[in-house]
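To start, the structure itself, in C-alpha cells.
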Amino acid sequence: MILARGGALGVALALLLTASGHAATIPVPGTTARVEASGYVDGLAVAEIGGPRQRPQALAELSLLGKITQNLRTQLTLRGRAGGPFEGGHPGVMNLVHEFQNRSPSLEVNEAWAELRLGNAQVRAGIQKFAWGKLDGTPPTDVLTPRDLHDPLVRDIEESKIGIPAVQLTYYLPPVAALDLSELRASLVYIPIAVPARLALVQERWFPPSIASSNLAFTEREAEEIFRGVDFTGPVRVPVNLRTLNARAPKQLDAGGIAGRLGGTVLQMDWSVSHYTGPETGPNADLDVSVRCRTCPTAFPAGRLPAHVRSFLRQEHDIIHMTGADASRPFGGATVRAEVAVFQDRPYLRISRDLIARALEPDVLVRYAGRLLGGQRARVPLQPLFPDRDSVEWGIGADYLIEGFLPLVQVNQVIFTDDGPDQLLSNPETRILGSVRKRFLQDTLELEVRGVYAIERGAWFVYPRVAYRAGDHWRLRLGYLAVGGPLTSMIGQFHANDEFVLEGRYSF
Amino acid sequence: MFFGSPPEVKGTAFLAITHKGKPADQWLYLPELQRVRQITSTARTQSFVGTDLTYHDLDILTEMTSWTEDDAASSLRADETVDEVACHVVELAPKRDDITYKKIVLWLGKSDLVPRRLEFFGDEAEPTKRITQRDIRKVGPIPVAYQTKVETPASGSSTDVVVVETQFNQKLDDDAFTQRALEQGPQ
C-alpha cells in the first residue's frame, strides 16, 4: 500500500515535471504513426473571505494524441493534482467507482481511447468524455459524463469532467437535400459501468452546508414536545459525527447505461435529439444515521438526553432516464440556443433538516426510541436524501455582440412533474444566467463577468474575472467569487464561501 | 483551418463555406467548450483568434475573387509600384449591406495579378486595415504569397502570416469541410 502510494506520488510529480516541457510531435520509428504531446501546468490559489479553507493547488495535464494510421487514432490524457480543496488527503490514483475520494497528490486517467474510422462510421472505445447540449453553463442533456465537484463554481465545466469507459458508434448520414438537412449523424453509446460524480468531503470548502450539521440543538420546550411527558432539566444538544462512505456501484449488466443521439443542421439550425438510460452522473447519496445514548437508562428519567449521532453520507446508485432535444441558430446578429430534457427517476437533493424533523415526529420516533432510551445504538429511519423525481429541465438563451462586448442571457428552469417532498430546488426553480465578455489589447486581456440568480430562492453568485495572456504559453487569471442566498438553496448554501481566485496556467 | 499552436488556441478549428453574393457560413470549434459554434453576423467583426483579421475580413478575402459589378463597383486608377513591382490599382466600392467596408483598394501585380497590397477603408481617409503580400512563389502554376502582413494603422498593431508549405490538388474529400471534421481535428 505504501509502495502504491509512493508510486502514485512519483507518477504525479513526474507528470508535473513532464508537463512543464514543450509540445512535441514524435514520429514512431519505422511507421507513419506519430504522437502529438500537449497539455498544461496550472496553479490556483484561493484567498478565502469566509468559509472553510482551500489550499493552493497545482494541476498538470499531459495529453498524447496518437495518429497511428489515416483511420486509427488514440488518445491518452493524464492528470496530476496536488493540494487544492482536499483535507488530509493521501497520495493515490483516482478510481472510477467511488464518489468520495480524498487524494492529494493524485493521478487520474482522464481519457484513454482508441478511435477507428471506417468510411462514414466511427467507433471510439475506452475512457472518454461526452459534450452534449448547447446551452451555456451545465446543459440539461449533458448527463453522460460525471464531473469532479470538489471546486464546482470556479473550475471550467468541461475541464471538470471525468472520463468514463464507453463504446461509441457514430454514423454520418448523407445530406437530405430535399429537406435541407445536412451534417446528419447518429450516435449510439454503451457505458458498461456506473461512474459517479466526485463530491467534496465533509471537511472541504465545497461540502454542501445543507447536508452538514455539527450538532442538533433543542430548547428545553422543544425537547419536551418531542418526548412528551418528560421533564427536561435544560436544553438538549446532540453532537453529530458526519462522515462519508463509498459504496461501489453494482456490476450487473443493467447497472451500466445506453444512450443515443441524432443530430444535424436544417435551415441554419443545429439540432439534436437524444436519450439516455443509465447511471445518475450527478450527486447522489443517502444519509445513514444512528443514535446512541449509553447513559440514557438513568439520565433520561432525570431529564437529560446525552445522545450522540453517527451519520454516514453513503454513495448511492440510481438509474435515470433522460429524453432531450437541443437547437441553436443565428438570428441576425444573435445566436439563440434552446434545450429541454425530460427526466424520470432522477435523484434531487432534499434539505437534511427536513429529514431530521420528520424523524423526530412521534410516529417515527416510536420506532427507535425504545433502543435509544435503553442505551443501545438505534438506527434512525430517514427518508431518502436524494429521492428519485420526475422533472423537466429546460432553458433558452441568446448572445449578441455589441461594441465588442458579448453579453449572454439565459433562462433555465427545473420543474418537478410528480408529487414528492420539498427539495433543495424549489418547484419550479428558475435561474437567470448572465455573462458579459470583452477583449482588449488584441485579445491578450479579457474581462468577463458571469453570474446566476435563482429567482424563487433568492440565491445568486457572481464571478468577475480578468484574464491576461502573456506570450504564447502563459495565462493569468484573477477573479472574485461572491455567493449569496439562504442556506436552503442550492447556490445560497455556499454564501460563506466568497473568495479571490488567482490562477496561472502554462500551456504547451 | 486547424490551429496547432500557440498552445492557448491549439485545437481550435475554423470552417467557412463561402457563397457567391452573400455572407459565408462560418463555424468555430472551441476545445474548451468541446463544441462547434456558429459565428453570427455581428460576431464577424471580432478579431480572428487575436490577429488583425476579423472573421468578416476572411470572408471578404475568400469571396472577393468572385465579385462582379453587382457586389462592388470597380474603377481603375493610375498604375503604381509596390515593393518594386508594377501594379494595376483597382478601387472597389462594395454595394452589399453585409460588406462593412466603404472602399477597398487593390494593388495587383501586372505580371501575375497577385495582390501586393490591399487597403480596406471605413468612413475615415486612412485605411482601417492594410494587407501587404510579399515573397510570391509559384507552386505549380499557382502563384502564392509566402509572407503576408496585416496592419491595423489606428492601433499600430500588425499580424505576420508566414506560409511554410503549400500543396494544391490534394483530392480532399468533401467531408473535410464539415462540422464533423472540425471536431475530429486534422488528419
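Everything quoted here is computed from the prediction, not taken from an experiment. Below, chain A is the first sequence line, B the second, and so on; all start at residue 1. Keep in mind that the numbers below use all heavy atoms, side chains included, and drop hydrogens, waters and symmetry copies.
With a 4.5 Å cut-off on side-chain heavy atoms, B:Trp27 and A:Asp270 count as touching. Using a 4.5 Å heavy-atom cutoff, the side chains of A:Lys129 and B:Gln34 are not in contact.
Within the 4.5 angstrom heavy-atom criterion, only side-chain atoms of B:Arg37, from C-beta onward, approach chain A. With a 4.5 angstrom heavy-atom cutoff, A:Arg439 does not touch chain B via any of its atoms. Proximity to chain B involves both the backbone and the side chain of A:Asn120, based on heavy atoms less than 4.5 angstrom apart. For A:Thr265, the part sitting under 4.5 Å from any heavy atom of chain B is the side chain, from C-beta outward, and nothing else. Only the backbone of B:Val49 comes within less than 4.5 Å of a heavy atom of chain A; no side-chain atom from C-beta onward does. Of the atoms belonging to B:Asp173, not a single heavy atom falls under 4.5 Å from chain A. Contact annotation for A:Arg124: neither backbone nor side-chain heavy atoms come within less than 4.5 Å of a heavy atom of chain B. With a 4.5 angstrom heavy-atom cutoff, B:Glu32 touches chain A only via backbone atoms. Interface remark: A:Pro139 contributes side-chain atoms only to the contact with chain B (heavy atom separation under 4.5 Å). Of the two parts of B:Ile39, neither the backbone nor the side chain holds a non-hydrogen atom closer than 4.5 Å to a non-hydrogen atom of chain A.
Other residues, nucleotides and ligands place no more than 12 heavy atoms under 6.0 Å from the CG atom of B:Asp97. Enclosure of atom CD in A:Glu403 is not indicated, since only 12 or fewer non-hydrogen atoms of other residues, nucleotides or ligands lie within 6.0 angstrom. Other residues, nucleotides and ligands contribute more than 12 heavy atoms inside 6.0 Å of the NZ atom of B:Lys20.
One N or O on the side chain of B:Gln38 and one on the backbone of A:Gln268 form a donor-acceptor pair closer than 3.5 Å. No donor-acceptor pair closer than 3.5 Å links the side chain of A:Lys134 to the backbone N or O of B:Arg35. Judged by distance alone, with hydrogens and angles left aside, the side-chain atoms of A:Glu183 form a donor-acceptor pair with the main-chain N or O of B:Gln179 at under 3.5 Å.
No side-chain donor-acceptor contact under 3.5 Å links A:Glu115 and B:Gln184.
Shortest non-hydrogen contact noted between B:Thr40 and A:Pro330 is CG2-CB, 3.8 Å. Residues B:Ala43 and A:Leu401 approach most closely at CA-CD2, 3.7 Å, considering heavy atoms. When all heavy atoms of A:Ala37 and B:Lys10 are compared, the closest pair comes out as O-NZ, 3.9 Å. Taking each heavy atom of B:Ser47 and A:Asp443 in turn, the nearest pair found is OG-OD2, 3.6 Å.
Interface check for chain B: of the options A:Arg329, A:Arg505, A:Glu159, A:Arg73, the most heavy-atom pairs under 4.5 Å are formed by A:Arg73. Among the candidates A:Ala334, A:Gly471, A:Ser182, the residue making the largest number of heavy-atom pairs closer than 4.5 Å to chain B is A:Ala334.
We find the OG1-CD1 distance between B:Thr42 and A:Ile402 to be 8.5 Å, quoted to the nearest 0.5 Å. Taking OG1 of B:Thr178 as the reference point, atom CG of A:Leu184 lies at 12.0 Å (rounded to 0.5 Å).
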